[in-house]
Amino acid sequence: MKKIIPIASLEALHSETATAEVPLQLVHPNGFLKDTRGRLLHDLRISVTDRCNFRCPYCMPKEIFTSDYNYLGQKELLSFEEITRVSKIFISHGVEKIRLTGGEPLLRKGIEDLVAMLSPLQTLQQQPIDLTLTTNGSLLKKKAQGLKDAGLKRITVSLDGINDATFRKMNDVDFPVKDVLESIEAAVAVGFASVKVNMVVKNGVNDHEILPMVKHFKNTGVIVRFIEYMDVGNTNGWQMQEVLPSKSVIERIQAVYPLTPVISQYPSEVAQRWKLVDGTGEIGVISSVTETFCHNCSRARLSMEGKLFLCLFATKGYDLRALLRSQSDDLVLANAIANIWQSRDDQYSELRTQIQQGVIFHPKVEMSYIGG
Ligand code: SAM
Ligand code: SF4
Ligand code: SF4
């Protein structure tokens with residue numbers, strides 16, 4: 001049994017908490033909720049725990065996330081019933097896609113039960129909700145079948161290298177790559193409709209793993225997506241030199257495995273997709289730093305204790321838990337959420353350069369707190 005390292009309540013690193021205001025006049029949700037830039041609310045990411053058993057230096061550097069940190073108590077976390085209730089309200093505003101994340105979501109006790117409560121939900125078009133989960137894969141081998149049986153259709157596993165030494169360095173808790181690779185095989189074997197692998201690329205640290213990753217997952221049906229290392233949070237000491245632009249990732253792959261672009265059908269899709277010309281697989285790149293996609297960003301994020309964040313780089317979270325735990329009915333909650341989304345003007349990535357240069361002051365929250 002691997003040691004589980006609790007992470008901080010992160011209160012010191014947290015942002016400001018804002019009250020979720022309820023407008024005087026209540027209106028029924030109509031599934032088309034627009035923010036100040038005309039962006040609809042389509043995706044909800046729910047972080048189910050603030051704990052993780054890895055210490056990826058780009059996300060939860062171990063010097064900061066030590067075992068002395070306080071972490072949220074069970075009562076502070078949203079219960080599965082609260083998560084399900086709030087999810088239904090988000091769906092009434094047009095949400096079609098829900099991703100469970102964390103921290104490490106498979107550390108949340110009974111996660112299969114939450115999946116079983118969310119998977120039957122339907123969109124306003126009476127289609128099954130697109131429910132997915134992102135995991136570091138450490139516990140997935142054991143849990144893959146249970147998650148599938150609970151109704152999970154898709155899964156994403158984070159894997160920052162195929163070489164054992166590199167992977168141990170990336171997770172910083174000496175976790176062997178073999179266990180995660182077996183988890184990915186288990187996910188394929190139980191028959192998820194889609195198994196994706198996300199690799200965060202840090203220039204000079206694990207970029208030598210790009211080609212081995214493509215080689216390893218060719219012919220497996222698993223899609224690998226290379227993500228630019230982002231300046232989320234305040235603790236990872238991000239520097240632009242450590243970002244390997246997706247353009248370079250594609251050039252490196254192209255030189256060995258010829259690629260052809262796949263045209264995306266979804267405007268809010270963040271990955272640029274490419275097929276291997278020889279038909280052996282597909283890869284994707286997510287250019288979170290070098291190309292901004294704020295103009296299409298339809299994502300809200302809910303933290304484990306029920307704060308609503310409007311951007312990965314948000315400075316404040318709106319306290320939905322207080323409303324959830326009051327006597328407020330669903331219409332009140334729906335209006336509070338609408339009020340918050342309608343005032344949204346977040347566009348961090350478009351302002352990144354000015355923020356990095358100190359022209360604009362912008363405190364942030366940690367990625368492990370609101371989920372990727
Ligand atoms: N623990 C789970 C995992 O690692 O898949 C879920 C939570 S993790 C915060 C979600 C995703 O965010 C992971 O794919 C991780 O690699 C990514 N991530 C974390 N910090 C990042 C950063 N600074 N830049 C880019 N991606 C990051
Ligand atoms: Fe944990 Fe995921 Fe963050 Fe790594 S990226 S420290 S696995 S939450
Ligand atoms: Fe969305 Fe914020 Fe990322 Fe822009 S920076 S794409 S608004 S999460």
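Heavy-atom basis, side chains included; hydrogens, waters and symmetry copies ignored. Positions are given from 1, in the same order as the sequence printed here. When a ligand or atom number is given, it counts from 1 through the structure's own listing order.
The existence of a salt bridge linking K143 and E112 is confirmed by a sub-4.0 Å separation between a basic side-chain nitrogen and an acidic carboxylate oxygen. A salt bridge does not link D330 with K88: every distance from a Lys NZ or Arg NE/NH1/NH2 to an Asp or Glu carboxylate oxygen is 4.0 Å or more. Of the charged side-chain nitrogens involved, none lies within less than 4.0 Å of a carboxylate oxygen, so that D172 and R55 do not count as a salt-bridged pair. Using a cut-off of 4.0 Å between Lys/Arg side-chain N and Asp/Glu carboxylate O, K141 and D179 are scored as not salt-bridged. Under the 4.0 Å criterion applied to side-chain N and carboxylate O atoms, E81 and R85 are not assigned as salt-bridge partners.
For ligand 3 and F313, the ligand atoms under 4.0 Å from any heavy atom of the residue are 5 (S). Short contacts between ligand 3 and C294, defined as distances under 4.0 Å to a heavy atom of the residue, involve ligand atoms 4 (Fe), 5 (S), 6 (S), 7 (S). Close approach of ligand 2 to M60 (heavy-atom distance below 4.0 Å) involves ligand atoms 6 (S). Those atoms of ligand 3 with a heavy atom of C311 less than 4.0 angstrom away are 2 (Fe), 5 (S), 7 (S), 8 (S). Listed by number with element, the atoms of ligand 2 under 4.0 Å from a non-hydrogen atom of G103 are 8 (S). For ligand 3, the atoms sitting less than 4.0 Å from at least one non-hydrogen atom of Y348 are 5 (S), numbered in the order shown with element in parentheses. Distances below 4.0 Å separate heavy atoms of E104 from the following atoms of ligand 1: 1 (N), 2 (C). Those atoms of ligand 3 that come under 4.0 Å of a heavy atom in R301, given as number and element, are 8 (S). Listed by number with element, the atoms of ligand 1 under 4.0 Å from a non-hydrogen atom of G102 are 7 (C), 9 (C).
For ligand 1, the polar-atom distance check finds no N/O of Y229 at less than 3.5 Å from any of the ligand's N/O atoms. For ligand 1, one of its N or O atoms has an N or O atom of M230 under 3.5 Å away. Any N or O atom pair closer than 3.5 Å counts here, and D160 shares no such pair with ligand 1. Not one N or O of T101 is nearer than 3.5 Å to an N or O of ligand 1, by distance alone.
Nearest protein heavy-atom contact of atom 1 (Fe) of ligand 3 is C297 SG, 2.4 Å. Closest to atom 7 (S) of ligand 3 among all protein heavy atoms lies D346 O, 3.6 Å. Atom 8 (S) of ligand 3 has L312 N, 3.3 Å as its closest protein atom, hydrogens excluded (heavy atom only).
There is no side-chain donor-acceptor pair under 3.5 Å between K247 and T290.
A 4.5 Å side-chain heavy-atom check between C52 and N136 finds at least one atom pair inside the cut-off.
A side chain to side chain donor-acceptor pair (under 3.5 Å) with D130 is found for exactly one of K97, R99, R154, H42, namely R154.
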Apply side-chain hydrogen bond (donor to acceptor under 3.5 Å, both in side chains) to Y348 and D231, showing your working.
CA-CA 11 Å; Y348 178 89; D231 51 334; 2.6 Å; yes
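Proximity annotation for atom 1 (N) of ligand 1: of P105, G103, C56, S138, G103 comes nearest, heavy atoms only.
Between F175 and F54, the angle of the ring planes lies from 30° to 60°, which puts this pair in the tilted group.
For the pair P57 and M170, the tightest heavy-atom approach, listed with the atom from each and the gap, is CD-O, 3.1 Å.
Within the 2.8 Å limit, C56 places at least one N, O or S atom next to atom 4 (Fe) of ligand 2.
Here the CG-CD distance, from L159 to E209, works out to 8.5 Å after rounding to the nearest 0.5 Å.
Heavy atoms of E228 approach ligand 1 to within less than 4.0 angstrom.
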